[in-house]
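Working notes for the structure below.
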Amino acid sequence: MCRNIKPLFNFDPPATHEEIRDAALQFVRKVSGTTKPSKRNEAAFERAVNSVAGCARELLDSLETSQPPRDREEVAAKARARTAVRFA
């Protein structure tokens, strides 16, 4: 799976429409093998992104957990620390 797609479930504040759409766009790019579709395929590409984003929103809205929501800043700080160690 694409490394740029981040987990979006169980965060405080919840995932935004833009975050879900960005993840859907990355997924469609990966599946289609292109970052920018040709004019001929542009409509199909956009429909796919919208469809995947809708399914992702539906999934996130229906998932349940007993765990408390994770703090976005804390998770981002841990990721930055791992990156610093990895690329230092």
Side-chain angles (χ1 to χ4, degrees):
M1 187 50 93
C2 186
R3 291 184 198 161
N4 293 334
I5 299 175
K6 307 294 183 219
L8 299 175
F9 177 62
N10 198 28
F11 279 102
D12 188 30
T16 64
H17 174 73
E18 291 78 27
E19 289 173 314
I20 294 171
R21 181 160 171 72
D22 289 346
L25 177 61
Q26 285 296 330
F27 179 77
V28 172
R29 285 176 172 170
K30 185 73 168 185
V31 170
S32 68
T34 183
T35 57
K36 183 164 174 37
S38 65
K39 286 284 186 190
R40 172 183 251 174
N41 294 321
E42 210 167 58
F45 193 89
E46 191 62 29
R47 277 194 312 274
V49 171
N50 291 335
S51 179
V52 171
C55 290
R57 170 49 68 192
E58 183 180 327
L59 173 66
L60 291 174
D61 289 344
S62 65
L63 290 174
E64 298 177 8
T65 183
S66 59
Q67 298 296 315
R70 296 175 287 175
D71 182 80
R72 286 182 178 277
E73 288 304 315
E74 184 179 315
V75 171
K78 287 179 184 178
R80 285 190 295 272
R82 283 192 307 269
T83 300
V85 168
R86 182 177 177 195
F87 295 108

Quick check for you: to the nearest 0.5 Å, what is the distance between [X] atom [atom1] and [Y] atom [atom2]?
{"X": "I20", "Y": "C55", "atom1": "CD1", "atom2": "SG", "value": "11.5 Å"}
{"X": "D12", "Y": "R70", "atom1": "CG", "atom2": "CZ", "value": "11.5 Å"}
{"X": "T35", "Y": "K30", "atom1": "OG1", "atom2": "NZ", "value": "12.5 Å"}
{"X": "Q26", "Y": "D22", "atom1": "CD", "atom2": "CG", "value": "7.5 Å"}
{"X": "Q67", "Y": "T65", "atom1": "CD", "atom2": "OG1", "value": "5.0 Å"}

For residues 76-85, tabulate all N or O donor-acceptor pairs below 3.5 Å that involve a side-chain atom, not counting sequence neighbours.
| from | atom 1 | to | atom 2 | distance (Å) |
| --- | --- | --- | --- | --- |
| T83 | OG1 | A79 | O | 2.9 |

Hphob cluster co-occupancy, V52 + F45, side-chain heavy atoms under 4.5 angstrom: yes

Cluster overlap L8 with L63, hydrophobic side-chain contacts below 4.5 Å: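 L8 and L63: one cluster.
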
Between [X] and [Y], what is the shortest heavy-atom contact and its length?
{"X": "N10", "Y": "P69", "value": "OD1-CA, 3.3 Å"}
{"X": "A24", "Y": "V49", "value": "CB-O, 3.6 Å"}
{"X": "A15", "Y": "L60", "value": "CB-CD1, 4.3 Å"}

Backbone N/O of R47 and side chain of S51: donor-acceptor pair under 3.5 Å: no

Sequence-distant partners of R57, salt bridge (Lys or Arg N to Asp or Glu O under 4.0 Å), two or more places apart: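 Partners of R57 under the salt bridge (Lys or Arg N to Asp or Glu O under 4.0 Å) test: D61.
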
Qualifying residues under salt bridge (Lys or Arg N to Asp or Glu O under 4.0 Å), relative to E42, sequence neighbours excluded: none

R21/N50 under side chain to side chain contact (heavy atoms under 4.5 Å, CB included): CA gap, chis, key distance, verdict: CA-CA 7 Å; R21 181 160 171 72; N50 291 335; 2.9 Å; yes

